[in-house]
A.B. asks: 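Dropping a structure here in structure tokens format, bear with me for questions.
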Amino acid sequence: MSADGYDHETVERRWQEAWADADVYRTPDDATDPAYVLGMYPYPSGELHMGHVRNYTITDAYARYLRMSGEEVLHPMGWDAFGLPAENAAKERDTNPREWTEECIARMKGQMESMGFGYDWEREITTCEPDYFRWNQWLFSRFHEEGLVSRRDAEVNWCPSCETVLADEQVELEDGVEICWRCDTPVTQRELSQWFLEITRYADELLDAIDGLEGWPDPVRGMQRNWIGRQYGTRLPFEIGEAPGASDEDDTGSTEYGTVEAFTTRADTVFGATFFALAPDHPISETVAEDDPEVRRFVEEEADPEGDEPNGVRTDLTATNPVTGEELPVFVADFVLSDVGTGALMGVPGHDDRDHAFAEKRDVPIEPVVAPVPDDWNPDSGTVPDAPDVSESAFTDDGVLVNSEEYIGLESEAARERITADTEGAEEATQYRLRDWGISRQRYWGTPIPVVHCESCGPVMVPDEDLPVELPEFVNTTGNPLDAAEEWKETTCPDCGAEAERETDTMDTFVDSSWYFLRYVSPDIESAPFDVERANDWMPVDQYVGGIEHAVMHLLYSRFFTKVLADHEGLEHREPFTDYLAQGMVLLDGSKMSKSKGNVVSPQEIVAEYGADTARLFMMQAAQPERDFDWSEEGVRSTHAFLNRLRGMVESFVEDDPDGDDDAVASYVESEIAATVAIATEEYEELTFNRATREAQDLVRTLRQYADYTEPHAETYERGLAAVVRLLAPVAPHLTEELHDELGGEGFVAEADWPDSDADREHAEHRRRLVENTRGDVRDIIEVAGIDDPERIELAVAPDWTYRALEVALESESPNLIGDLMGVEEIREHGDAAADYGQDLQAGREALEPTLAREEERAALESAAWLIEREFDAPVRVVDADPDAGDAEPGRPAIEIVE
RNA sequence: GCGAGGGUAGCCAAGCGGCCAACGGCGGCGGACUCAAGAUCCGCUCUCGUAGGAGUUCGUGGGUUCGAUUCCCUCCCCUCGCACCA
């Protein structure tokens with residue numbers, strides 16, 4: 001391939017070295033509020049894949065654009081270096097995670113450099129290094145001090161054979177049985193003491209502040225809102241007791257289980273409650289199960305919270321409806337989840353689909369208590385709509401209350417408020433779907449949780465001066481290697497000095513990534529995780545780019561950390577990322593590239609064959625950054641051909657300076673250069689590199705046609721080439737660096753000034769359209785008239801008065817224009833022509849648009865005449881139309897073709 | 001089920017009230033250049049017609065409007081996220 005292309009390898013290496021030598025991408029510590037452009041740091045798997053290349057080309061192109069525009073730029077890179085894959089790889093290869101990770105990082109860093117990504121490597125961070133993760137530990141202690149850390153039991157997936165905890169992704173489903181991915185042993189659930197960060201305390205702010213994240217895509221904002229899932233409702237107290245006669249032992253037990261609160265968003269349906277249900281692991285269910293074999297059997301064997309069918313078993317208990325006083329049967333049911341609401345609910349089969357299904361199955365009464373609002377509903381009329389038929393399916397919308405005693409006739413919303421206010425013990429309550437963040441991981445390759453367990457003091461934080469708690473040497477064992485590291489575990493209690501044991505869990509790696517963007521600001525600081533003052537100046541990240549798969553967790557955790565740091569560590573920003581771009585996927589034949597499917601295009605191979613610039617430019621022009629697109633070998637080749645052509649043009653220009661005149665053609669090219677620069681700049685601002693690069697490519701075509709048509713004016717032509725080189729520099733940095741050099745440019749193009757242009761985009765687009773329309777008209781006429789060989793072509797620009805008339809028409813508000821038009825002397829004097837044109841304007845009134853001014857139009861046509869001459873091989877003249885002929889209009893010259 | 005985003009010519013894809021038979025690219029066809037191939041350049045590429053022109057189109061069916069690919073509603077399909085969430 002390089003036989004007919006340039007030697008990209010040499011070119012790329014030359015400039016990569018030159019950039020490194022000159023520290024082009026360094027951001028000095030004394031920079032003032034640099035533009036912070038950041039791509040999500042990668043997990044060091046060892047291979048850069050297309051998704052990475054796309055992600056980092058976007059940030060690199062944007063960072064380069066900003067740098068050329070005169071901004072100071074912060075564009076760092078690092079490694080999300082902790083995580084399970086390294087641990088597994090180490091086991092397989094009989095090495096240790098550290099070595100493995102280091103090798104991967106070295107390899108990927110080399111690949112990044114070969115792509116020409118301009119990072120400030122002085123700011124590189126690696127989360128598995130003690131210099132980094134000690135601050136995870138330090139932050140954990142700060143969170144603890146602020147009461148944002150708690151420890152409680154939680155269920156985890158446990159493999160009895162491997163003796164380890166499994167992440168959800170490591171549990172496979174086979175024939176409905178959850179098994180360990182490694183040894184196929186059925187997975188069990190285990191309660192372990194886990195550490196939690198109390199993100200729920202920030203739930204309201206995390207939710208409400210989403211409204212302010214205007215630079216985030218709406219779907220992501222929606223996903224976060226959804227994830228937090230705030231719901232307003234009512235907490236209702238239900239007295240639980242044994243049903244009369246259910247037990248012959250005693251009659252006193254009607255309140256022996258006390259009050260259970262149930263959360264509901266539909267307090268207006270409380271009169272329709274016909275049963276009450278408890279989660280299988282609710283304390284009362286567990287107590288009942290001890291004596292009631294049926295309940296025990298259900299809890300232990302039948303309950304299937306994952307299944308679609310609502311199952312349940314009736315107990316001997318009843319629950320007293322706090323509003324009606326009615327005694328409701330109590331079920332233990334598997335669709336009631338202990339971590340949703342209070343783990344107990346009132347069942348309203350008439351107005352809830354799931355309750356309806358359950359009621360049918362267990363033969364529980366179904367009562368309608370809310371009716372649809374009638375079309376002609378008048379709340380003051382005293383009439384009450386008929387109750388709906390809910391025997392077949394529930395009516396789940398809000399409506400008007402029926403069968404609800406004193407609340408009959410109220411609309412749902414009002415009824416909820418009244419019922420909540422009137423009922424003793426009821427109160428408004430807010431529910432969240434968001435849970436506290438369990439960060440304990442029973443694994444080796446992570447940040448040790450800095451806690452010591454002392455028999456008398458309990459869990460005690462490791463004092464700051466003893467941080468970091470480093471990892472012991474890796475041992476290949478079945479369970480958690482930290483558990484096996486006896487010597488490491490053994491320590492003394494920081495409080496009482498007694499013998500104690502270290503916490504053997506490590507932190508979720510999302511902790512690492514929740515603040516890494518702050519560490520780049522001052523990667524070497526030894527006294528704090530980050531330099532607060534500098535972070536206040538440099539943060540937030542102005543443009544963040546990364547995969548949509550992190551739309552919830554990583555971004556939410558980062559927002560949470562940022563808010564905590566703002567509240568307690570002097571950070572003056574409450575949000576980490578101003579603008580966030582979720583880049584689309586690179587597909588192959590319409591489906592996601594994946595190793596397991598074997599449909600992968602390796603960036604390394606593309607770079608070897610076509611070069612980094614081709615790979616980068618192809619990706620950026622293929623689609624908008626947020627869109628998925630298909631990888632296409634054809635597209636890559638045509639991109640490569642384009643770069644070669646551009647290089648050829650620059651070379652022949654340098655070898656042999658043209659000496660054409662600064663004529664009309666040159667002025668056309670000149671104005672196209674200005675238009676291209678203006679439009680491409682706007683597109684770069686918007687990160688729509690596909691449109692920006694298309695503009696640059698179109699300009700190359702114009703320049704080529706120019707040189708093809710005539711001997712170009714050297715200065716104009718060179719200005720065009722230089723503009724293209726700069727406009728493409730952010731995306732194809734190596735070749736443009738080379739071409740910049742060949743054109744005699746000073747310094748690096750990477751540091752050159754972004755071209756400026758005083759062209760107005762709208763004006764330029766009008767001009768382009770005028771030229772396009774005129775060419776099309778000429779083409780039509782030649783075709784229709786059957787002209788084989790035109791002798792000359794005349795373009796007659798409409799007379800002055802027509803422009804005046806258009807102007808009047810645009811401003812006029814009267815129902816008929818003609819009067820307004822005829823009120824103007826210079827129009828009226830053109831008699832029939834004016835009347836005709838006036839009719840046209842009136843007819844097309846709603847669709848009128850301003851055009852170029854007459855002189856601009858004339859100049860545009862004169863400078864574009866060569867395109868028509870070139871196409872039809874006949875001389876073109878621009879003339880003034882006969883002022884009374886009426887066949888030319890603004891934006892539409894009259895065309896005469898002489899055969 | 002709920003929420004979000006989509007469905008445009010052979011394919012990808014822009015347009016998001018009048019310049020729309022609908023930008024651009026790919027593919028296809030024809031031509032120029034070449035000994036030839038490639039690259040490059042110039043046309044054509046919904047249907048009928050030599051052409052003027054006519055007809056049928058922007059998921060489906062309605063509606064608003066002088067006028068809809070563009071706005072509103074119904075339904076169908078696709079993608080993504082959430083989901084026995086009380």
Side-chain angles (χ1 to χ4, degrees), chain A residues 3-5 217-231 233-236 262-267 269 273 276-277 279 304-312 333-337 339-348 351-355 357-358 396 429 431-433 548-549 551-552 582 584-585 587 590 621-624 626-630 632-635 637-642 644-645 648 690-691 694-695 697-698 701 704-705 708-709 765-766 768-770 772-773 776 779-781 783-786 843-849 851 870-873 891-892:
Chain A
D4 46 291
D218 284 337
V220 174
R221 297 206 281 175
M223 282 159 73
Q224 292 221 346
R225 283 196 191 97
N226 197 304
W227 188 261
I228 295 167
R230 182 168 60 194
Q231 276 190 312
T234 304
R235 223 185 262 273
L236 290 170
F263 176 82
T264 178
T265 53
R266 295 296 305 274
T269 64
F276 192 83
D304 177 18
E306 313 285 309
D308 290 335
E309 281 285 297
N311 302 308
D334 60 2
F335 61 87
V336 185
L337 308 177
D339 62 348
V340 174
T342 58
L345 59 83
M346 66 171 194
V348 186
H351 302 282
D352 180 276
D353 290 326
R354 190 228 317 117
D355 291 350
F358 183 72
T396 57
Q431 279 285 319
Y432 301 88
R433 215 178 67 87
I548 189 79
E549 65 273 22
V552 177
M585 285 188 296
L587 309 175
Q621 63 162 41
Q624 292 185 17
E626 45 278 275
R627 274 259 197 358
D628 293 350
F629 77 92
D630 243 1
S632 134
E633 188 73 22
E634 186 57 47
R637 257 182 263 144
S638 90
T639 300
H640 191 242
F642 166 79
N644 269 318
R645 241 176 287 146
N690 56 327
R691 293 206 277 263
R694 181 154 115 191
E695 279 296 322
Q697 288 178 305
D698 285 348
R701 179 195 285 226
R704 171 193 294 286
Q705 290 174 337
D708 181 53
Y709 176 73
E765 282 171 353
H766 271 120
R768 285 179 176 180
R769 183 179 288 182
L770 169 72
E772 249 336 292
N773 287 347
R779 215 171 280 148
D780 283 350
I781 292 169
E783 206 177 296
V784 167
R845 193 99 186 254
E846 320 290 325
L848 293 180
E849 260 193 36
T851 61
R870 181 166 169 272
E871 183 174 345
F872 301 100
D873 200 23
R892 188 131 253 176

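The chains referred to below are lettered A, B, ... by the order of the sequence lines, with proteins before strands, and numbering in each begins at 1.
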A.B. asks: Please list, pair by pair, any protein nitrogen or oxygen found under 3.5 Å from a nitrogen or oxygen in nucleotides 82-86 of chain B.
C.D. replies:
unit_1	atom_1	unit_2	atom_2	d
B:C82	O3'	A:Arg433	NH1	3.2
B:C82	O2'	A:Asn226	OD1	3.3
B:A83	OP1	A:Arg433	NH1	3.0
B:C84	O2'	A:Arg354	NE	2.1
B:C84	O2	A:Asp308	O	3.3
B:C84	N3	A:Gly307	O	3.3
B:C84	N3	A:Asp308	O	3.2
B:C84	N3	A:Glu309	O	3.4
B:C84	N4	A:Asp304	O	3.2
B:C84	N4	A:Gly307	O	2.8
B:C84	N4	A:Glu309	O	2.7
B:A86	OP1	A:Gln231	NE2	2.5
B:A86	OP2	A:Gln231	OE1	2.6
B:A86	OP2	A:Gln231	NE2	3.2
B:A86	O3'	A:Phe263	O	3.1
B:A86	O3'	A:Thr264	N	3.4
B:A86	O3'	A:Thr264	OG1	3.3
B:A86	O3'	A:Thr265	N	2.6
B:A86	N7	A:Val340	O	3.3
B:A86	N6	A:Leu337	N	3.1
B:A86	N6	A:Leu337	O	2.5
B:A86	N6	A:Val340	O	2.8
B:A86	N1	A:Phe335	O	3.4
B:A86	N1	A:Leu337	N	3.2
B:A86	N3	A:Arg354	NH2	3.4

A.B. asks: Is the backbone of A:Asn690 close enough, under 3.5 Å, to the side chain of A:Gln624 for a donor and an acceptor to pair up by distance?
C.D. replies: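 Not a single qualifying donor-acceptor pair exists.
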A.B. asks: Identify, with sequence neighbours excluded, every residue that meets salt bridge (Lys or Arg N to Asp or Glu O under 4.0 Å) alongside A:Arg235.
C.D. replies: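 Partners of A:Arg235 by the salt bridge (Lys or Arg N to Asp or Glu O under 4.0 Å) criterion, ordered by chain and then number, come out as A:Glu261.
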A.B. asks: Roughly how far, to the nearest 0.5 Å, is CG of A:Asn226 from CD of A:Gln224?
C.D. replies: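 Here the interatomic distance stands at 10.5 Å.
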A.B. asks: How would you list, by chain and number, every residue that makes a ring pair (Phe, Tyr, Trp, His ring centres under 6.0 Å) with A:Phe276, sequence neighbours excluded?
C.D. replies: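 For A:Phe276, the residues satisfying ring pair (Phe, Tyr, Trp, His ring centres under 6.0 Å) (neighbours in sequence not counted) are A:Phe238.
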A.B. asks: Who pairs with A:Gln431 by side-chain hydrogen bond (donor to acceptor under 3.5 Å, both in side chains), at least two apart in sequence or on another chain?
C.D. replies: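 Not a single residue meets the side-chain hydrogen bond (donor to acceptor under 3.5 Å, both in side chains) criterion with A:Gln431.
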A.B. asks: Rounding to an integer number of Å, can you tell me how far A:Ile548 CD1 sits from B:G3 P?
C.D. replies: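 Going from A:Ile548 (CD1) to B:G3 (P), I get 19 Å.
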A.B. asks: Ignoring hydrogens and angles, tell me if any N or O in the side chain of A:Asp355 forms a donor-acceptor pair with the backbone of A:Gly347 under 3.5 Å.
C.D. replies: no
A.B. asks: Examine the base of B:C23 for any acceptor or donor lying under 3.5 Å from a partner atom in the side chain of A:Arg694, and report the outcome as yes or no.
C.D. replies: yes
A.B. asks: Is there any protein nitrogen or oxygen under 3.5 Å from a nitrogen or oxygen in nucleotides 7-14 of chain B, and what are the pairs?
C.D. replies:
unit_1	atom_1	unit_2	atom_2	d
B:A14	OP1	A:Arg627	NH1	3.2
B:A14	OP1	A:Arg627	NH2	2.8
B:A14	OP2	A:Arg627	NH2	3.2

A.B. asks: Can you name the residues that form a side-chain hydrogen bond (donor to acceptor under 3.5 Å, both in side chains) with A:Arg691, not counting sequence neighbours?
C.D. replies: A:Glu683
A.B. asks: Please state how far atom CE in A:Met585 lies from atom P in B:C80, giving the value in whole angstrom units.
C.D. replies: 8 Å
A.B. asks: Only counting residues at least two apart or in another chain, list the ones meeting salt bridge (Lys or Arg N to Asp or Glu O under 4.0 Å) with A:Asp339.
C.D. replies: none
A.B. asks: When you check the gap from the basic side-chain N to the acidic O, do A:Glu695 and A:Arg701 get nearer than 4.0 Å?
C.D. replies: no
A.B. asks: Using whole Å, what does the distance between atom P of nucleotide B:C23 and atom CD of A:Glu695 come to?
C.D. replies: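 From A:Glu695 CD to B:C23 P: 17 Å.
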A.B. asks: Round to the nearest Å and state the distance from A:His351 atom NE2 to B:G1 atom P.
C.D. replies: 21 Å
A.B. asks: Identify each atom pair where a protein N or O and an N or O of nucleotides 39-43 of chain B are less than 3.5 Å apart, giving names and distance.
C.D. replies:
unit_1	atom_1	unit_2	atom_2	d
B:U40	OP1	A:Arg645	NH2	2.7
B:C42	OP1	A:Gln705	NE2	2.7

A.B. asks: For A:Asn311, what residues pass the side-chain hydrogen bond (donor to acceptor under 3.5 Å, both in side chains) criterion, not counting sequence neighbours?
C.D. replies: A:Asp334, A:Lys361
A.B. asks: Can you name the residues that form a side-chain hydrogen bond (donor to acceptor under 3.5 Å, both in side chains) with A:Arg266, not counting sequence neighbours?
C.D. replies: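 A:Arg266 satisfies side-chain hydrogen bond (donor to acceptor under 3.5 Å, both in side chains) with A:Asp268 only.
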A.B. asks: Is there any protein nitrogen or oxygen under 3.5 Å from a nitrogen or oxygen in nucleotides 30-34 of chain B, and what are the pairs?
C.D. replies:
none

A.B. asks: Anything below 3.5 Å on both distances counts as a pair; with that, list the stems of at least three consecutive Watson-Crick or G-U pairs involving RNA chain B.
C.D. replies: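 Expected stems, ordered by start: B:1-7 with B:76-82, B:10-12 with B:24-26, B:27-32 with B:40-45, B:46-48 with B:53-55, B:61-63 with B:71-73.
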